[in-house]
Peer 1: 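Quick one: the structure is below, and I'll ask about it shortly.
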Amino acid sequence: LEQLFVSYARVVKARPGGPLMPLVLRGIAKFAHCVNVELLLDLVSNLRTILRDPAALSTPAALHCVHALLRLLSGHGAALAVDMRD
């Protein structure tokens, strides 16, 4: 499962607007409760960066991104102090 999240992180970093992104975001949301804290911080940072660029994602993909972020922050991420004002 850790290797799956490493692959997800690679897709998020390398191809945020690619055709795999909606599938990756659904996978992140589905298994968010299983991710370790180090990878969680990296994913949250990258997803927030992608959401700041309005041209990076289509509207459905942006909604998947928001859902994935909320799922990440509701599990282990609930204990983290993350400023989500952006």
Peer 1: Looking at SG of C34 and CG of L40, how far apart are the two atoms once the value is rounded to the nearest 0.5 Å?
Peer 2: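 Taking SG in C34 and CG in L40, the distance rounds to 12.0 Å.
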Peer 1: Specify the closest pair of heavy atoms between A56 and I50, including all atoms of both residues, with the distance to one decimal.
Peer 2: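 Answer, listing the atom of A56 first, then I50: CB-O, 3.8 Å.
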Peer 1: Enumerate donor-acceptor pairs with a distance under 3.5 Å from any side-chain N or O in residues 5-23 to protein atoms, sequence neighbours excluded.
Peer 2:
| unit_1 | atom_1 | unit_2 | atom_2 | d |
| --- | --- | --- | --- | --- |
| S7 | OG | Q3 | O | 3.1 |
| K13 | NZ | D42 | OD2 | 3.2 |

Peer 1: Just do the side chain to side chain contact (heavy atoms under 4.5 Å, CB included) check on T49 and R52 with the steps written out, would you?
Peer 2: CA-CA 5 Å; T49 301; R52 285 188 191 121; 4.1 Å; yes
Peer 1: Please report the closest heavy-atom contact between L25 and A61, naming both atoms and the distance.
Peer 2: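 Looks like CD1-O, 3.4 Å.
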Peer 1: Would L70 end up clustered with L73 when hydrophobic side chains under 4.5 Å apart are linked, directly or stepwise?
Peer 2: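 Yes; tracing contacts between hydrophobic side chains, which count when under 4.5 Å, links both residues.
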Peer 1: Give, for atom NE2 of H33 and atom CG of L72, the distance between the pair rounded to the nearest 0.5 Å.
Peer 2: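 Reported to 0.5 Å precision, the distance equals 11.5 Å.
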Peer 1: Going from CG on N46 to CG on L51, what distance comes out if it is rounded to the nearest 0.5 angstrom?
Peer 2: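 The CG atom of N46 sits 11.0 Å away from the CG atom of L51.
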Peer 1: What pairs of residues pass the salt bridge (charged side-chain N to carboxylate O under 4.0 Å, His left out) test when at least one of them lies in residues 16-40, not counting sequence neighbours?
Peer 2: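 Listed by first then second residue: nothing to list.
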Peer 1: Mind checking the CG-CD spacing from N36 to E2? Nearest 0.5 Å is all I need.
Peer 2: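 These two atoms lie 5.5 Å from each other.
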